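All remarks here apply to the structure that follows.
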Amino acid sequence: MGLNYQNAVFEAAYGTSAQLPHTEKTEFAFAGRSNVGKSSLLNRIFGRKALARVSAQPGKTATVNYYSVDGVHFVDLPGYGYAKVSLSEKKRWAELVEGYLMGDRDIGLVVQLIDSRHAPSEDDLQMINFLIDNEMPFIIALTKSDKLNKSEREKRAQELTQEIPYADEVTMIFTSAETGEGIDEIRRIFDELSEDDG
């Protein structure tokens with residue numbers, strides 16, 4: 001059947017891990033550095049213009065934002081790696097994201113976003129290694145792929161096999177919130193995982 005993404009609703013935003021709800025339902029989490037395009041990608045997946053709040057100011061999503069689609073939760077984690085954020089804010093971020101990821105919840109998949117135009121940052125690699133070490137299922141969404149021409153894309157695809165740990169075992173999807181590239185593929189993965197759960 002698949003999920004009806006048009007039914008997506010914003011549920012709540014949480015600023016500390018203590019506030020995070022305990023849910024029995026499958027959750028799909030979106031992680032990535034500030035300004036990598038998480039909110040834009042979520043909006044494209046939901047087929048909505050402005051459900052996930054897109055911020056022009058990086059580091060602005062400082063909460064864990066929950067969206068619900070047919071009883072399945074989509075969770076937008078705050079972006080990391082924004083240099084201008086204070087140390088106390090970084091600590092709060094770490095506590096919040098770790099609190100989310102290490103909590104007792106059914107995380108069906110983490111979508112790790114990486115800007116397709118650049119090599120993964122140190123923070124990206126830290127996050128990927130964290131997911132691998134904790135045996136959490138994840139895929140990599142390579143964002144902003146509409147900004148690459150064919151030869152640039154082929155070059156990046158080749159380089160990613162060297163840059164990403166265990167690259168040959170990781171599903172990597174070129175995506176674009178502008179053109180919609182990769183969106184159906186990601187939706188299909190969510191649909192399969194939510195059916196397994198149902």
Side-chain angles (χ1 to χ4, degrees), residues 3 5-6 8 10 28-65 67 69 74-85 90 93 97 109-132 136-191:
L3 298 167
Y5 292 93
Q6 300 290 328
F10 172 71
F28 299 131
F30 288 71
R33 65 184 180 75
S34 296
N35 244 9
V36 74
K38 285 199 305 304
S39 303
S40 302
L41 192 70
L42 273 164
N43 283 330
R44 192 72 200 221
I45 288 168
F46 296 151
R48 302 282 275 282
K49 279 277 183 284
L51 184 63
R53 292 187 280 278
V54 177
S55 169
Q57 210 180 339
K60 209 66 195 132
T61 308
T63 50
V64 173
N65 295 339
Y67 302 87
V69 178
F74 286 73
V75 182
D76 186 5
L77 298 173
Y80 53 75
Y82 185 53
K84 291 196 174 78
V85 171
K90 282 188 178 138
W93 179 89
V97 173
L109 189 71
V110 176
V111 180
Q112 172 66 38
L113 280 72
I114 289 175
D115 188 325
S116 63
R117 300 167 298 176
H118 309 293
S121 70
E122 206 176 310
D123 289 320
D124 290 331
L125 292 171
Q126 231 175 332
M127 191 72 183
I128 290 167
N129 282 314
F130 176 87
L131 296 169
I132 291 168
M136 301 184 91
F138 73 97
I139 62 171
I140 292 176
L142 300 161
T143 63
K144 309 182 186 187
S145 63
D146 55 289
K147 308 268 197 290
L148 296 172
N149 65 32
K150 194 164 179 282
S151 63
E152 287 170 335
R153 179 185 293 228
E154 282 166 7
K155 183 171 180 279
R156 285 302 301 129
Q158 194 51 49
E159 288 166 351
L160 282 158
T161 62
Q162 305 302 311
E163 293 162 355
I164 303 285
Y166 303 104
D168 55 335
E169 295 170 39
V170 177
T171 298
M172 292 191 234
I173 301 169
F174 278 99
T175 67
S176 166
E178 290 296 315
T179 64
E181 182 188 356
I183 300 300
D184 286 345
E185 203 178 331
I186 290 177
R187 281 180 178 162
R188 258 198 310 279
I189 294 169
F190 290 148
D191 289 346

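Computed from a prediction, not measured in an experiment: that's the story for all the values here. All heavy atoms count here, side chains included; hydrogens, waters and symmetry mates do not.
- Between Val111 and the choices Ile139, Ile140, Ile45, Leu42, the side-chain contact (heavy atoms from CB on, under 4.5 Å) rule is met once, by Ile139.
- Between Pro120 and Leu160 the shortest heavy-atom distance is CD-CD2, 4.5 Å.
- Listed by chain and number, the residues in a side chain to side chain donor-acceptor pair (under 3.5 Å) with Ser121 are Asp124 (sequence neighbours excluded).
- Residues passing the salt bridge (Lys or Arg N to Asp or Glu O under 4.0 Å) test with Arg48: none are found, sequence neighbours excluded.
- Not a single side chain to side chain donor-acceptor pair (under 3.5 Å) links Arg188 to another residue, sequence neighbours left out.
- From Ser176, atom OG reaches atom CG of Leu142 across 12.0 Å, with rounding to the nearest 0.5 Å.
- Smallest separation of non-hydrogen atoms from Lys144 and Asn35: NZ-O, 2.8 Å.
- Looking at Ser145, its side chain does come within 3.5 Å of a backbone N or O of Thr175 through a donor-acceptor pair.
- Here CD1 of Ile173 is found 12.5 Å from OG1 of Thr143. Values are rounded to the nearest 0.5 Å.
- By the ring pair (Phe, Tyr, Trp, His ring centres under 6.0 Å) test, Phe46 is found to be paired with Tyr67, Phe74, residues two or more places apart in sequence or in another chain being considered.
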Check against side chain to side chain contact (heavy atoms under 4.5 Å, CB included), Tyr5 and Asp191:
CA-CA 10 Å; Tyr5 292 93; Asp191 289 346; 2.9 Å; yes
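- One finds the CD1 atom of Ile128 at 14.0 Å from the CE atom of Met136 (value rounded to the nearest 0.5 Å).
- Under the side chain to side chain donor-acceptor pair (under 3.5 Å) criterion, Thr161 pairs with no residue at all, not counting sequence neighbours.
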Set out, in order, the CA-CA distance, both residues' side-chain angles and the distance that settles side chain to side chain contact (heavy atoms under 4.5 Å, CB included) for Val75 and Val64, then state yes or no.
CA-CA 7 Å; Val75 182; Val64 173; 3.3 Å; yes
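- Taking the side chain as every heavy atom from C-beta outward, Ile164 and Ile114 approach each other to under 4.5 Å.
- Residues that satisfy the side-chain contact (heavy atoms from CB on, under 4.5 Å) test with Pro137, not counting sequence neighbours, are Leu109.
- The stretch residues 158-172 participates, sequence neighbours left out, in these salt bridge (charged side-chain N to carboxylate O under 4.0 Å, His left out) pairs: Lys155-Glu159, Arg156-Glu159, Arg156-Glu163.
- Side-chain contact check for Val170 versus Ile132: every heavy-atom pair is 4.5 Å or farther apart.
- Thr63 places none of its side-chain heavy atoms less than 4.5 Å from the side chain of Pro78.
- Asp146 CG to Arg117 CZ: the interatomic distance, rounded to the nearest 0.5 Å, is 8.5 Å.
- Listed here is the closest heavy atom pair of Gly47 and Gln6: O-OE1, 3.9 Å.
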Test side chain to side chain contact (heavy atoms under 4.5 Å, CB included) on Ser39 and Asp76 and set out the steps.
CA-CA 8 Å; Ser39 303; Asp76 186 5; 3.6 Å; yes
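- Applying the side chain to side chain donor-acceptor pair (under 3.5 Å) test to Asn129 and every residue at least two apart in sequence or in another chain returns nothing.
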Kindly determine whether Ser34 and Tyr80 satisfy side chain to side chain contact (heavy atoms under 4.5 Å, CB included), including the steps that lead there.
CA-CA 5 Å; Ser34 296; Tyr80 53 75; 6.0 Å; no
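- For the salt bridge (charged side-chain N to carboxylate O under 4.0 Å, His left out) condition, the pairs that include at least one residue of residues 170-185, sequence neighbours left out, are Arg153-Glu181, Asp184-Arg187.
- Side chain of Asn43 to backbone of Leu51: a donor-acceptor contact under 3.5 angstrom is found.
- Taking CZ of Phe190 as the start and CG of Leu3 as the end, the distance is 9.0 Å to the nearest 0.5 Å.
- The line from CD of Gln126 to CG of Asp123 is 6.0 Å long, rounded to the nearest 0.5 Å.
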